[in-house]
Amino acid sequence: MSLPATDLGALPEGKSMKHLAALVAATALVAVAPAPATAGRACAGYVGLTFDDGPTPGNTATLLDALQRARLRATMFNTGQNVEAHPELAKAQVAAGMWIGNHSWDHPFMTRLPEAGQADQISRTQDTIRRVTGVTPALFRPPYLDTDDALRAVEKRFGLTEINADVDAKDWGDASVDEIVSAVGRLRDGDVILMHDWPPNTVAAIPRIAATLRERGLCAGKISPVTGRAVAPHARALAGVHTVGRLDDRGAGVRYTWPGVYFESRFRGTSVGIVLDDAVNDYEVQIDGRAAATLVTPGRTTHWIRDLAPGVHTVRLAKRTESPWTPGQFGGFAGDLLGAPAARSRQIEFIGDSWTAGYGNMSAGRDCSATGIDRNSNADQAFGALTARTLGADYQLNAWSGRGLVRNYDGSDPGVDYLTYYDRVLQAADEAVWQRPPTWRPQTVVIGLGINDFSTPLHAGERWPDEAALAADFRAAYLDFLKKLRQRYGHRTSFVLTYPSLWNTTALADSVQQVVAQRTADGDRRITALHYDNAALGLDLLGCDWHPSARDHRLLASALTTHLRTLG
């Protein structure tokens with residue numbers, strides 16, 4: 001709800017900016033680990049306390065003081081215009097250990113705005129909060145809880161999870177202190193309550209809110225951007241989880257787009273939960289190395305695998321599909337987790353296009369128009385994943401269907417190509433560059449680029465006059481890319497440049513062989529080429545749109561595994 005204009009006044013009587021500065025300094029001392037509401041007792045559950053419409057002179061400083069005295073943490077859904085006008089109060093919220101959410105720029109009914117207006121409300125607020133506080137919100141609460149699917153799609157573009165409320169304290173309607181406390185009494189584990197930054201009765205209710213939570217064994221928690229539920233304040237999605245994929249780690253949730261990203265853990269008991277927020281991708285779940293479930297666009301959920309034999313088990317979640325424009329989000333495993341499995345000593349990075357991504361590999365035929373590509377694709381059964389598992393290696397599948405090294409399939413989307421996106425964490429969803437962790441240093445990089453560059457004829461208007469000019473650009477780009485990879489991974493990493501037989505040209509084969517010859521002549525002793533000879537391997541290309549089938553991927557994996565074993 002919006003703050004009445006009459007409440008936009010000065011600081012509370014007797015409070016000065018000097019007092020506020022002291023508050024900021026004091027709150028900074030406890031921001032690292034505020035005590036839970038149960039004051040030392042175990043938490044039976046967590047609830048999300050939220051306050052909308054701030055920060056506001058006249059109440060925010062008093063509210064923060066009350067929350068700290070009660071040893072409570074909360075999520076403050078701020079409007080951008082208030083953060084812009086009162087940056088010192090937004091900084092005080094962060095210093096006091098509060099979490100910050102996006103509540104639009106100036107509190108309109110969002111569904112009454114066009115898409116561009118919705119995006120402007122959200123982006124201006126994101127930018128302002130980030131600039132003022134250094135915090136990038138992961139949560140969005142629509143003003144008046146006014147929302148629809150179109151708005152949620154806009155929110156997703158900015159990496160935001162929409163948070164409404166399980167309980168409304170109705171402090172916006174002049175609820176009494178007793179009524180606000182009674183509303184808190186209806187909260188259950190994981191619930192979120194809607195309150196506001198500006199009503200005096202809300203501030204007055206804080207001590208009794210804390211007492212009510214203590215009596216019920218509940219603690220004030222952080223709202224997970226994956227599930228939208230309240231969780232332990234320091235819960236991390238990757239706690240006890242092993243992964244090597246390219247991830248945007250937001251603590252309680254991690255986002256990703258590249259195909260084949262996987263997460264592994266160990267647990268004790270007869271069940272394990274998988275926390276996801278993803279309405280786009282499909283996933284493969286394995287328990288103890290055996291298929292347990294396929295999750296098709298699961299949405300925001302905790303999916304449980306139950307009725308397992310008692311004892312210690314392993315769980316593995318793998319992203320089957322591609323989603324270069326839309327991140328999936330993983331919130332961790334739920335259950336009696338025992339910690340992450342040990343990292344594998346060998347690492348392989350696969351760079352490529354639709355073949356590497358497993359495009360349509362599970363289809364029974366080449367025509368997938370009735371069922372769609374995603375439902376017929378499984379990166380976890382593509383040749384890269386199969387090869388890595390055979391060799392006991394951790395791996396990344398950094399692949400994108402239709403993208404070429406200098407030219408995309410059929411000349412589409414000119415001006416951008418695979419190299420435009422290779423260094424990004426989230427492909428087309430965000431321009432942030434992936435920061436390679438020191439633990440990722442693959443012994444082998446397998447590259448399969450070029451099919452899209454050469455498999456379709458040049459069209460009038462493309463920048464290459466003929467195939468020879470295209471091939472020259474391709475070779476130059478490949479050499480530059482290899483130089484960059486060599487600088488990144490060092491001289492000990494082996495590069496394997498793969499290529500299939502193309503029906504229409506030998507330009508790809510010739511170019512790859514020339515690139516390998518040039519690198520070798522320049523002194524690179526760890527670079528080889530591997531030809532996937534379609535006829536010799538017996539590929540049927542019965543996957544969607546003449547792509548490798550599941551059988552073909554096993555044959556490709558066998559050929560690649562044999563080649564890698566010769567490299568030592």
Are there more than 12 heavy atoms of other residues, nucleotides or ligands under 6.0 Å from atom CH2 of Trp546?
-> no
Give a yes or no on whether the ring-centroid distance for His242 and Phe263 is below 6.0 angstrom.
-> no
With a 3.5 Å cut-off and no angle check, do the side chains of Tyr262 and Asp394 form a donor-acceptor pair?
-> yes
Partner residues of Arg229 under the salt bridge (Lys or Arg N to Asp or Glu O under 4.0 Å) criterion, sequence neighbours left out | Asp166, Asp191
Could you pull out all residues at least two apart from Gln514 that satisfy side-chain contact (heavy atoms from CB on, under 4.5 Å)?
-> Arg475, Asp510
Are side-chain N/O atoms of Thr321 and Asn281 paired as donor and acceptor at under 3.5 Å?
-> yes
Between Arg266 and Thr314, is any side-chain donor less than 3.5 angstrom from a side-chain acceptor?
-> no
Kindly indicate, with the supporting measurements, whether the criterion salt bridge (charged side-chain N to carboxylate O under 4.0 Å, His left out) is fulfilled by Arg320 and Asp374.
-> CA-CA 8 Å; Arg320 289 174 52 130; Asp374 284 348; over 6 Å; no
In chain order, what residues pass the salt bridge (Lys or Arg N to Asp or Glu O under 4.0 Å) check against Arg250, with sequence neighbours excluded?
-> Asp248
Test the Arg246-Tyr422 pair against the cation-pi criterion, namely NZ or CZ under 6.0 angstrom from the six-membered ring centroid and within 45° of the ring axis.
-> yes
Under the side-chain contact (heavy atoms from CB on, under 4.5 Å) rule, collect the residues that match up with His491, sequence neighbours excluded.
-> none
Name all residues meeting the side-chain contact (heavy atoms from CB on, under 4.5 Å) criterion together with Ser363; count only those two or more places apart in sequence or in a different chain, and write none if there are none.
-> Cys368, Asn376, Cys544
Could you pull out all residues at least two apart from Trp258 that satisfy ring pair (Phe, Tyr, Trp, His ring centres under 6.0 Å)?
-> none
Taking every non-hydrogen atom, the tightest pair across Asn408 and Val416 = ND2-O, 2.8 Å
Compare all side-chain heavy atoms of Asp282 with those of Thr297 and state whether any distance is below 4.5 angstrom.
-> yes
Check step by step if salt bridge (charged side-chain N to carboxylate O under 4.0 Å, His left out) holds for Asp249 and Arg236.
-> CA-CA 9 Å; Asp249 188 350; Arg236 294 188 65 252; 2.9 Å; yes
Any luck finding a side-chain donor-acceptor pair between Glu467 and Thr505 under 3.5 Å?
-> yes
Leu386 CG to Arg554 CZ distance, which is reported to the nearest 0.5 Å | 8.0 Å
Donor + acceptor pair across side chains of Ser401, Glu322 (<3.5 Å) = yes
So, do Trp400 and Tyr418 have ring centers that fall under 6.0 Å from each other?
-> no
Please lay out, stage by stage, how Thr147 and Glu162 fare under the test side chain to side chain donor-acceptor pair (under 3.5 Å).
-> CA-CA 9 Å; Thr147 189; Glu162 185 178 286; 2.6 Å; yes
Decide yes or no on side chain to side chain donor-acceptor pair (under 3.5 Å) for His547 and Asp552, but give the supporting numbers first.
-> CA-CA 9 Å; His547 279 76; Asp552 290 345; over 6 Å; no
Heavy-atom pair of closest approach, residues Phe158 and Ala119 = CZ-O, 3.8 Å
If we only count heavy atoms from C-beta on, is the Glu431 to Arg424 side-chain gap below 4.5 Å?
-> yes
Side-chain contact test, heavy atoms from C-beta onward, threshold under 4.5 Å: evaluate it for Asn78 versus Thr128 and give yes or no.
-> no
Sequence neighbours excluded, the answer for side-chain hydrogen bond (donor to acceptor under 3.5 Å, both in side chains) partners of Thr498 is none
Kindly write out the residues that satisfy side-chain contact (heavy atoms from CB on, under 4.5 Å) with Arg486, not counting sequence neighbours, or none if the list is empty.
-> Thr493, Phe495, Arg519, Asp524, Arg526
Does the side chain of Ser494 pick up a donor-acceptor pair with the side chain of Gln443 at under 3.5 Å?
-> no
Residue pair Arg124, Asp127: steps toward the salt bridge (charged side-chain N to carboxylate O under 4.0 Å, His left out) verdict | CA-CA 5 Å; Arg124 289 177 67 193; Asp127 293 344; over 6 Å; no
Contacts of Asn398 that satisfy side-chain hydrogen bond (donor to acceptor under 3.5 Å, both in side chains) - sequence neighbours left out = Glu349, Gln396
Any side-chain heavy-atom pair from Tyr46 and Val231 closer than 4.5 angstrom?
-> no
Heavy-atom closest pair (Ala385 atom, Tyr395 atom, distance to 0.1 Å) is CB-OH, 3.4 Å
Going through the distances and angles, do Arg407 and Asp473 end up as a salt bridge (charged side-chain N to carboxylate O under 4.0 Å, His left out)?
-> CA-CA 10 Å; Arg407 179 178 183 260; Asp473 269 5; over 6 Å; no
In chain order, what residues pass the ring pair (Phe, Tyr, Trp, His ring centres under 6.0 Å) check against Tyr409, with sequence neighbours excluded?
-> none
Any side-chain donor near an acceptor of the partner, His103 and Thr125, under 3.5 Å = no
Output a table of donor-acceptor pairs, distance under 3.5 Å, between side-chain atoms of residues 324-337 and any protein atom two or more places apart or on a different chain; print 'none' if there are none.
unit_1, atom_1, unit_2, atom_2, d
Gln329, NE2, Pro225, O, 3.0
Asp336, OD2, Arg268, NH1, 3.3

Do we see a donor-acceptor contact under 3.5 Å between the side chains of Arg141 and Thr50?
-> yes
Salt bridge Asp380-Lys319, side-chain N to carboxylate O under 4.0 Å | no
Indicate yes or no: at least one non-hydrogen side-chain atom of Gln381 is less than 4.5 angstrom from one of Met362.
-> yes
Charged N to carboxylate O below 4.0 Å: is that the case for Asp423 and Arg488?
-> yes
How would you list, by chain and number, every residue that makes a salt bridge (Lys or Arg N to Asp or Glu O under 4.0 Å) with Glu115, sequence neighbours excluded?
-> Arg157
Side chain proximity check, Asp453 to Val406, heavy atoms < 4.5 angstrom = yes
Side chains of Val154 and Gln118: does their closest heavy-atom pair fall under 4.5 Å?
-> yes
Find out whether Val515 and Leu479 are in side-chain contact, i.e. whether some heavy atom of one side chain is under 4.5 Å from a heavy atom of the other.
-> yes
